[in-house]
Asks: 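Please find one structure pasted underneath; my questions will follow.
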Amino acid sequence: MIFAANFKTNHTRASTAKYIAVLKEKLHAKKPEDRVYIFPPATALDQYEGDFKIGAQNAYPTQNGAFTGEIGLEQLEEFGINTLLIGHSERREKLGESQEKVAQKFRFFKDQGYEILYCIGEPLEIREKGNEAVMEYLLAQFDGIDIGYEKLIIAYEPIWAIGTGRSATVEEIASTHEALKQTVQKPLLYGGSVNPANIKEITAIRGVDGVLVGSASLDAEKFSTMILA
Ligand code: 13P
C-alpha cells in the first residue's frame, strides 16, 4: 500500500521537522512493502532521512528564471526532491490550472525523471450525472499525460469528498477504480476524507493501491495509526 500525506497550506518548517521525527520512529513498525510519501508546503522542504519520501506539492516547469512566486528544479534539487504532486483539484479549481498547464508541468518533470503523483477527480455535478459522465470527465484529465510513464502514480480524489468529511462510498470507489484501471495500469490511490475510522475499509477495496490523505495526515500520530492499521 501507498500512504501519502498532503499537508496543503498547513505546517511550518519547524512543525514539519517535529512531525517527521515522530513519524520516523513509528515507521519502524510498518510493513516493508508499504510506501510512505509526505508532501509538506514548499517552505518546509528539506532533506530528511527515513523510510519515507518527501515530495513537493507544486513546482513550476523550469530550471530557474523569472517566475515570481514560483519554485523550479533548482530549488527542489537543493533538497534532493524528485517527487511531485501534479493536477490536484485545488490547483485546478482554486488556482486556475488548466489541463494544458498541468500537462506541460507533467512533461517537464517527467523529462527530469521525477516520480509523479498525478491527481484526477470530478465535481459533484458530474458525479450526479452518473458513471459515464464521471469517466468522461476523469479521462479528459489524462489529456497530454503519458499514462505509460514508469514513475507515475495516480490519485483519484472526487472533489466533493475532499475536506468534507464525506468520503466516497465503497461502491463508488470500487467502481471508479475498476473503470480507471481499464485505461491506466498504474498504482491508483484514493483520496477524499480518508481517516483512521475508514482507512481499513478503503484500503481493502479491490483496485485501491493506497490513499492520499489531507486533514487526517496533519497529525503524525494519527497518520502513523493509519499506516499501521
Ligand atoms: P482530505 O483528506 O482533507 O479530504 O483531503 C484530501 C486531499 O485533497 C489530499 O490531496
Side-chain angles (χ1 to χ4, degrees), residues 1-11 15-16 19 23 34-42 44-45 52-59 81 83-97 99 102 105-106 109 114-124 126-127 134 137-138 141-142 145 152-170 172-173 176-177 180 186-205 208-229:
M1 278 287 147
I2 296 173
F3 297 87
N6 177 9
F7 286 2
K8 309 186 180 183
T9 318
N10 298 292
H11 276 301
S15 69
T16 299
Y19 181 106
L23 182 78
D34 286 343
R35 283 149 61 194
V36 176
Y37 293 80
I38 308 292
F39 294 88
L45 292 176
F52 54 84
K53 277 192 99 172
I54 300 286
Q57 292 174 22
N58 180 44
I81 305 295
T83 304
L84 184 65
L85 206 67
I86 295 181
H88 194 282
S89 61
E90 285 152 15
R91 296 207 58 84
R92 293 178 191 265
E93 305 284 316
K94 296 182 185 172
L95 295 147
E97 254 180 47
Q99 184 59 31
V102 167
K105 202 173 276 191
F106 186 96
F109 285 98
Y114 266 57
E115 185 169 22
I116 297 174
L117 209 169
Y118 185 73
C119 305
I120 57 171
E122 84 285 357
L124 189 58
I126 299 292
R127 173 54 70 176
V134 169
Y137 191 93
L138 295 179
Q141 293 184 324
F142 289 126
I145 304 299
L152 172 62
I153 299 172
I154 312 281
Y156 167 56
E157 299 200 300
I159 298 174
W160 45 272
I162 296 178
T164 57
R166 178 194 159 189
S167 161
T169 64
V170 169
E172 284 165 335
I173 300 172
T176 311
H177 276 230
L180 283 169
K186 293 289 165 186
L188 181 54
L189 316 186
Y190 167 77
S193 298
V194 180
N195 59 51
N198 62 21
I199 184 79
K200 277 196 179 167
E201 187 179 48
I202 289 172
T203 50
I205 300 171
V208 170
D209 303 305
V211 287
L212 177 55
V213 189
S215 347
S217 76
L218 296 178
D219 180 275
E221 301 269 353
K222 203 176 191 181
F223 188 52
S224 308
T225 310
M226 294 168 72
I227 298 166
L228 305 177

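One-based numbering, in listed order, for ligands and for the atoms of each.
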Asks: Main chain of Gly214, side chain of Ser217: is a donor-acceptor contact present, judged purely on distance under 3.5 Å?
Replies: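 Indeed, once roles are kept as given, a pair shorter than 3.5 Å links the two residues.
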
Asks: Tell me whether ligand 1 is touched by Ala161 - counting only heavy atoms on the residue side and a distance under 4.0 Å.
Replies: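 For ligand 1, residue contact (heavy atoms, under 4.0 Å) with Ala161 is present.
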
Asks: Evaluate Gly163 for polar contact with ligand 1, using N/O atom pairs at a separation under 3.5 Å.
Replies: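 Yes; the residue has a nitrogen or oxygen that sits under 3.5 Å from a nitrogen or oxygen of the ligand.
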
Asks: Using a 4.0 Å cut-off to any heavy atom of Ser215, which atoms of ligand 1 qualify?
Replies: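 Checking each atom against Ser215, I get 1 (P), 2 (O), 3 (O).
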
Asks: Under 4.0 Å from a heavy atom of Ser193: which atoms of ligand 1 are those, numbered in the order shown and with their elements?
Replies: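 Counting from 1, the qualifying ligand atoms are 1 (P), 2 (O), 4 (O).
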
Asks: Strictly distance-based, threshold 3.5 Å: is any side-chain N or O of Gln57 a donor or acceptor partner for the main-chain N or O of Lys8?
Replies: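 Confirmed, Gln57 side chain pairs with Lys8 backbone.
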
Asks: Students should be able to answer this: which protein heavy-atom is nearest to atom 9 (C) of ligand 1, and at what distance?
Replies: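 Looking at atom 9 (C) of ligand 1, the protein heavy atom closest to it is Glu157 OE2, 2.8 Å.
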
Asks: For the rings on Phe52 and Phe3, is their centre-to-centre separation under 6.0 Å?
Replies: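 Not under 6.0 Å, so no.
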
Asks: Sequence neighbours left out, what passes side chain to side chain contact (heavy atoms under 4.5 Å, CB included) with Leu228? Give chain and number order.
Replies: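 In terms of side chain to side chain contact (heavy atoms under 4.5 Å, CB included), with neighbours along the sequence ignored, Leu228 is linked to Ala29, Lys30.
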
Asks: So, does Asp34 use its side chain to make a donor-acceptor pair with the main chain of Met1 at under 3.5 Å?
Replies: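 Checking the backbone N and O of Met1 against the side chain of Asp34, a donor-acceptor pair under 3.5 Å is found.
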
Asks: Under a 4.0 Å threshold between the charged nitrogen and the carboxylate oxygen, would Arg91 count as salt-bridged to Glu97?
Replies: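 Yes, charged N to carboxylate O under 4.0 Å.
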
Asks: Between His177 and Tyr156, how do the two ring planes meet: parallel, tilted or perpendicular, split at 30° and 60°?
Replies: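 Taking Tyr156 first and then His177, their aromatic rings stand perpendicular (interplane angle over 60°).
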
Asks: Using heavy atoms and a 4.0 Å limit, tell me yes or no: is Gly191 in contact with ligand 1?
Replies: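 Heavy atoms of Gly191 never come under 4.0 Å of ligand 1.
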
Asks: By number and element, which atoms of ligand 1 are closer than 4.0 Å to a non-hydrogen atom of Leu212?
Replies: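 Atoms satisfying the 4.0 Å criterion: 9 (C), 10 (O).
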
Asks: Does some non-hydrogen atom of Ala216 fall short of 4.0 Å from ligand 1?
Replies: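 Outside the 4.0 Å threshold, so no.
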
Asks: Nearest protein heavy atom to atom 5 (O) of ligand 1, by residue and atom, and its distance?
Replies: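 Minimum-distance protein heavy atom for atom 5 (O) of ligand 1 reads Lys8 NZ, 3.2 Å.
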
Asks: Could you tell me the residue and atom name of the protein heavy atom closest to atom 2 (O) of ligand 1, and the distance to it rounded to 0.1 Å?
Replies: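 Minimum-distance protein heavy atom for atom 2 (O) of ligand 1 reads Gly214 N, 2.8 Å.
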
Asks: Ligand 1 versus Ile162, non-hydrogen atoms closer than 4.0 Å: side chain, backbone, both, neither?
Replies: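 Answer for Ile162: both.
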
Asks: Counting from 1, what ligand 1 atoms have a heavy atom of His88 closer than 4.0 Å?
Replies: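 Taking each heavy atom of His88 in turn, ligand 1 has 7 (C), 8 (O), 9 (C), 10 (O) under 4.0 Å.
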
Asks: Would you say Asn198's side chain and Ser193's backbone share a donor-acceptor pair under 3.5 angstrom?
Replies: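 It does hold such a pair.
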
Asks: For ligand 1, find out whether one of its N or O atoms is nearer than 3.5 Å to an N or O atom of Glu90.
Replies: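 In fact, backbone or side chain, Glu90 has no N or O that close.
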
Asks: Just by distance, do the side chain of Ser15 and the backbone of His11 share a donor-acceptor pair under 3.5 Å?
Replies: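 No; zero donor-acceptor contacts below 3.5 Å.
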
